[in-house]
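See structure below.
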2 protein chains.
Amino acid sequence: MTTLPGMADEDLLRLDQQICFSLNAASRAFGGVYRVLLKDLGLTYPQYLVMLVLWEDGDLPVKRIGERLRLDSGTLSPLLKRLEAAGLVRRERSPEDERSVTVRLTAEGSALRGRAGQVPRRLLTATGLPVEDLAALRALLDRVTGALDSAVVDPAP
Amino acid sequence: MTTLPGMADEDLLRLDQQICFSLNAASRAFGGVYRVLLKDLGLTYPQYLVMLVLWEDGDLPVKRIGERLRLDSGTLSPLLKRLEAAGLVRRERSPEDERSVTVRLTAEGSALRGRAGQVPRRLLTATGLPVEDLAALRALLDRVTGALDSAVVDPAP
DNA sequence: CGCAATTCAATTGCGCACAACTCAATGGCG
DNA sequence: CGCCATTGAGTTGTGCGCAATTGAATTGCG
């Protein structure tokens with residue numbers, strides 16, 4: 001079984017503590033830096049992620065954006081409304097499937113990409129890691145995410 | 001300067017995209033697994049982090065908990081109220097400094113530690129990574145967090 | 001064809017994260 | 001001593017994340 005022999009629950013509690021602390025802290029530290037960098041673009045971090053997807057892929061239905069970012073409509077609907085209110089995107093019901101809503105960049109939304117050009121470089125230097133280490137970090141994170149997503153965890157032991 | 005020569009803004013945008021996607025996804029994937037594991041303890045993930053700190057250190061003022069978890073009173077005050085409502089902690093004004101509030105585990109709160117004993121092991125196995133890889137991941141994350149925290153990022157280029 | 005199951009977006013409700021602010025207690029300094 | 005800056009919690013407001021639900025459009029199956 002999965003008993004990791006030779007480690008007491010005590011020790012695991014401590015290790016667990018460190019790992020979830022570290023991931024949490026890192027996630028929020030990233031958020032903090034992005035918040036500063038994105039301030040004069042008028043974007044929040046999650047909004048920036050949506051714009052990245054749209055800049056990369058062009059117009060997309062809400063569903064696709066959700067798949068790319070691992071977000072559901074409960075998060076995306078109000079977020080996209082705010083982006084629309086800011087004049088960066090428009091939302092239109094798809095003619096061939098009235099259930100689907102296509103998100104389109106406005107001219108202003110597309111133009112914002114130019115002003116965002118400096119953001120990644122400034123973030124990468126802020127991390128203090130060489131690009132190779134960041135790639136390694138990303139690989140590890142993706143492996144963990146994949147495992148966690150496919151791990152069917154039954155609630156009760 | 002910090003120009004990372006030889007990389008175009010285009011490429012950096014893409015790399016940035018991948019890194020922030022990965023970190024975000026990993027963070028939320030962890031949250032999802034913890035949510036399931038903690039469900040029958042009646043704890044959310046952030047509440048679990050607070051309990052871990054209290055189990056480790058004993059009674060603490062709100063201030064100290066915030067330092068340990070990188071959280072401010074705006075987050076902790078309502079969270080601790082919910083833990084108190086659940087009967088896991090009590091909050092008392094410190095006699096020697098009336099501004100400070102000490103958070104104390106109740107008997108029920110201490111007892112919960114036993115029931116939480118299985119959580120870390122089950123999480124570790126869910127990650128699908130050997131312990132050494134997780135340690136490496138944690139080290140990388142801590143390095144990045146340290147760098148990001150100390151990086152004074154001026155809002156406007 | 002017609003009805004049931006599925007899909008997609010939106011909404012509601014709850015909890016967390018963070019900025020900005022209030023308010024009381026404390027400490028320092030003239 | 002008296003005043004003022006600082007400190008510690010709490011509150012408010014905004015936005016994200018997710019579960020659960022709704023409602024309309026579409027698909028599938030008898």
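Proteins come first, then strands; the chains are lettered A, B, ... in the order of their sequence lines, and each starts at number 1. Please read these numbers as outputs of a predicted model, since none were measured by experiment.
Nucleotide D/dT26 holds its P atom 10 Å from the CZ atom of A/Arg93, rounded to whole Å. When the P atom of D/dT14 is taken as reference, atom NZ of A/Lys81 falls 16 Å away, rounded to whole Å. Distance A/Lys39 NZ to C/dC18 C1': 12 Å, rounded to the nearest Å. Between the CG atom of B/Leu79 and the C1' atom of D/dA9 there is a distance of 14 Å, rounded to whole Å.
Applying the 4.0 Å criterion to OP1 and OP2 of C/dA17, one finds that A/Arg35 has every side-chain N and O outside that range. Listed pair B/Arg70 / C/dA17 fails the phosphate criterion, with no side-chain N or O lying under 4.0 Å from OP1 or OP2.
Screening A/Leu49, A/Val119, A/Leu43, A/Thr44 against A/Tyr34 for a side-chain contact (heavy atoms from CB on, under 4.5 Å) leaves a single residue, A/Val119.
Residue contacts for B/Leu76: at a heavy-atom cut-off of 4.0 Å it reaches no nucleic acid atom on any strand shown. A/Arg64 comes within 4.0 angstrom of nothing in the nucleic acid, heavy atoms only. Within the 4.0 angstrom heavy-atom criterion, only backbone atoms of the sugar-phosphate kind lie near B/Ser100; the bases stay farther away. Nucleic acid contact class of B/Thr44 (heavy atoms, under 4.0 Å, all strands): sugar-phosphate only.
Counting only N and O atoms by type, the side chains of A/Asp142 and B/Ser22 include a donor and acceptor under 3.5 Å apart.
Mapping B/Pro78 and A/Thr102 onto DNA chain C by nearest heavy atom places A/Thr102 at the nucleotide closer to the 5' end.
Counting non-hydrogen atoms of neighbouring residues, nucleotides and ligands closer than 6.0 angstrom, the CZ atom of A/Arg64 reaches no more than 12 such neighbours.
Counting atom types as modelled, A/Ser73 pairs a side-chain N or O with a base atom of C/dA10 as donor and acceptor under 3.5 Å.
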